[in-house]
Amino acid sequence: MANISVRGIEPETLSKLKALAKKENTSVNALVLRLLDRSVGVSPEKPLYQRHEDLSELAGAWSQKKAKEFEANTACFRNIDPQQWQ
């Protein structure tokens, strides 16, 4: 990989880069590389944070078939023995 030096960065620009890097918990160098890649179309722009309505991305999700199998295999656990609750 090549290295380049960028001279003449305005103080306000540098300040904003540092603030954004801190917010994203990354280095200024990594942030600038990502911004350069996006600006020239090397990597697609992805939102930093994605809103999710559930935890399926983290925990996974079952197909309808697997969910039905699970329900069928655990149906016996829904039966309550009244004598055990007296």
Side-chain angles (χ1 to χ4, degrees):
M1 294 201 171
N3 293 312
I4 62 170
S5 294
V6 180
R7 293 182 285 281
I9 297 174
E10 295 292 330
E12 183 181 1
T13 302
L14 181 58
S15 176
K16 288 185 177 188
L17 285 170
K18 286 180 177 181
L20 185 56
K22 184 176 182 178
K23 179 181 176 185
E24 294 184 12
N25 196 30
T26 191
S27 68
V28 172
N29 188 71
L31 173 70
V32 169
L33 288 173
R34 192 181 80 236
L35 293 172
L36 285 170
D37 285 348
R38 284 183 186 175
S39 69
V40 297
V42 172
S43 64
E45 188 167 346
K46 297 177 187 173
L48 180 60
Y49 303 105
Q50 294 180 346
R51 182 181 178 93
H52 298 282
E53 301 299 326
D54 58 23
L55 297 176
S56 63
E57 284 286 319
L58 298 173
W62 290 352
S63 65
Q64 288 288 353
K65 181 182 176 186
K66 289 285 186 185
K68 286 180 182 179
E69 284 178 23
F70 177 82
E71 290 294 325
N73 291 331
T74 58
C76 63
F77 299 120
R78 283 190 228 106
N79 296 331
I80 298 173
D81 185 352
Q83 292 180 347
Q84 289 183 344
W85 289 96
Q86 291 181 2

Side chain to side chain contact (heavy atoms under 4.5 Å, CB included) filter on N29, not counting sequence neighbours, yields S27, L33

For K16, enumerate each residue passing the salt bridge (Lys or Arg N to Asp or Glu O under 4.0 Å) test, keeping only those at least two apart in sequence or located in another chain. E12

Counterpart residues, side chain to side chain contact (heavy atoms under 4.5 Å, CB included), relative to V42 (two or more places apart): D37, V40

Mind checking side chain to side chain contact (heavy atoms under 4.5 Å, CB included) for L35 and listing every partner two or more places apart, or none if nothing turns up? L17, L31

CG of N79: more than 12 outside heavy atoms within 6.0 angstrom? yes

Could you work out, with side chain to side chain contact (heavy atoms under 4.5 Å, CB included) as the rule, every residue matching D81, not counting sequence neighbours? Q83, Q84

Could you pull out all residues at least two apart from E71 that satisfy salt bridge (Lys or Arg N to Asp or Glu O under 4.0 Å)? R78

Sequence neighbours excluded - ring pair (Phe, Tyr, Trp, His ring centres under 6.0 Å) pairs with any residue from residues 63-86: W62-F70

Rounded distance [0.5 Å steps], OG in S43 versus CG in L36: 10.0 Å

Linking Ile, Leu, Val, Met, Phe, Trp and Tyr by side-chain heavy atoms under 4.5 Å, what else ends up with M1? none

